[in-house]
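The block underneath contains the structure these notes are about, expressed in structure tokens.
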Amino acid sequence: MRTQNAKSTPTRPLTIIATAALAVSATFGAGIAPATAASLGSAGDGAPGLGSPSDFTAPDKVTDLTFPTTISHRGGANVYPEESMEGFTASAKDGFLPEMDIQFLDDGTPVLIHDDTADRTLNGVSGPIRDLSREEWDAATIKHPAGGEDAATVTLDELLDEMGGDVVLVPEIKPGATSAEVDQVLDEFDERGLADSLIVQSFDFDAAKTIAERGYTSLYLTGATMPEESLDEIKDAGIEWVGPSTKLPKKDMHAFDKAGFHVAPYTLETAKDGHRLPGWIDGFFTDNAWEG
């Protein structure tokens, strides 16, 4: 276990949002214009871009999406602490779909982090995520990409408590999840009635198929080559979206489009790079949705 750094320990997301709301109110009362989300993140000053659901400009239903849609990869990992509530809410506030990754703690709690180990993005803990207790997870903090204040770690429950149903979210069930864990996550979505406001993604075809069978918009993530499944197999599974690597040849990417899929390649460094994509692309993942 590594020692937590000397920066101040962030509070859990509910407290952060309440504190931020008071701060925003005080700022507006003084007549000072708020900074943009991009400047907050890149300045490294740790100021969270949080707000209430009424501040979100991203759509709250999949059927209301306009194309091409911008998916804020890991909540804007080049601007905000990766997979933090600050990044998720700032993305939704500025009209982007927050994207996040689901891993599991040792007690089965779904948490939001990309890697299956803690070392790259977290302070205060190390090693496999599946070996961490809930107490260790809550005590850890997320590193800031520009050296600003750390952020609090986030569980799936905490995210859904704050944003579920208020904005279209794009969660990924990471490779390695068991079929029971896939069902566990989808059961939680069911209990909250979120079928209309989620695009659920996976690199695992069986998981992507299960997601579609359970009534969710399913996005099948693929690599730099065409998947082993045929286009007909993917379509027959009920999958509506595909997320190929940007390294996939354009003719192959176009084959997905011509077959009727929504195509959203990953991952662009900034939204500005999205302007170079073909006009038939329906969306893209970017680490910096604000620079466009």
Can you run down the salt bridge (charged side-chain N to carboxylate O under 4.0 Å, His left out) pairs that involve [range], sequence neighbours left out, and say none if there aren't any?
range	result
residues 215-232	none
residues 240-251	none
residues 57-70	none

Gap between atom [atom2] of [Y] and atom [atom1] of [X] - 0.5 Å precision:
X	Y	atom1	atom2	result
Ile239	Ser202	CD1	OG	9.0 Å
Thr286	Asn78	OG1	CG	7.5 Å
Leu219	Phe203	CG	CZ	9.5 Å
Glu99	Glu83	CD	CD	6.5 Å
Glu233	Tyr220	CD	OH	9.5 Å

Just jot down the ring-ring contact (aromatic ring centres under 6.0 Å, His included) partners of Phe285, sequence neighbours excluded, or say none.
none
ring-ring contact (aromatic ring centres under 6.0 Å, His included) against Phe104, all qualifying residues, sequence neighbours excluded
none
Output all residues satisfying salt bridge (charged side-chain N to carboxylate O under 4.0 Å, His left out) with [X], sequence neighbours left out; order by chain, then residue number.
X	answer
Glu82	Arg74, Arg120
Glu181	Arg130
Asp206	none
Asp273	Arg276

Answer yes or no: is there a donor N or O on one side and an acceptor on the other, between the side chain of Ser218 and the main chain of Ile211, under 3.5 Å?
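Pair absent, no side-chain N/O of Ser218 close to backbone of Ile211.
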Looking at Thr57 and Lys93, would you say the former's side chain and the latter's main chain have a donor-acceptor pair under 3.5 Å?
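Yes; judged by distance alone, with no hydrogens or angles, the pair exists.
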Lys209 atom NZ, neighbour heavy-atom count above 12 within 6.0 Å
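For Lys209, atom NZ is not crowded (no more than 12 foreign heavy atoms under 6.0 Å).
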Can you confirm whether more than 12 heavy atoms, excluding those of Glu269, are under 6.0 Å from its CD atom?
no
If the test is salt bridge (Lys or Arg N to Asp or Glu O under 4.0 Å), which one of Asp101, Asp116, Asp115 qualifies with Lys174?
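Only one option passes, and that is Asp101.
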Measure across Ser91 and Trp290 and return the closest heavy-atom pair with its distance rounded to 0.1 Å.
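Looks like OG-CH2, 3.6 Å.
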In chain order, what residues pass the side chain to side chain donor-acceptor pair (under 3.5 Å) check against Thr109, with sequence neighbours excluded?
Asp107
Atom pairs and distances, side-chain donor-acceptor, residues 185-196, under 3.5 Å, sequence neighbours left out:
unit_1	atom_1	unit_2	atom_2	d
Asp187	OD1	Arg214	NH2	2.6
Asp190	OD1	Tyr216	OH	2.5
Asp190	OD2	Arg214	NH2	2.7
Arg192	NH1	Asp161	OD1	3.1
Arg192	NH2	Asp161	OD1	2.8

Pairs under 3.5 angstrom only: tabulate donor-acceptor contacts from the side chains of residues 255-263 to other protein residues two or more places apart or in another chain.
unit_1	atom_1	unit_2	atom_2	d
His262	ND1	Asp282	OD2	2.7

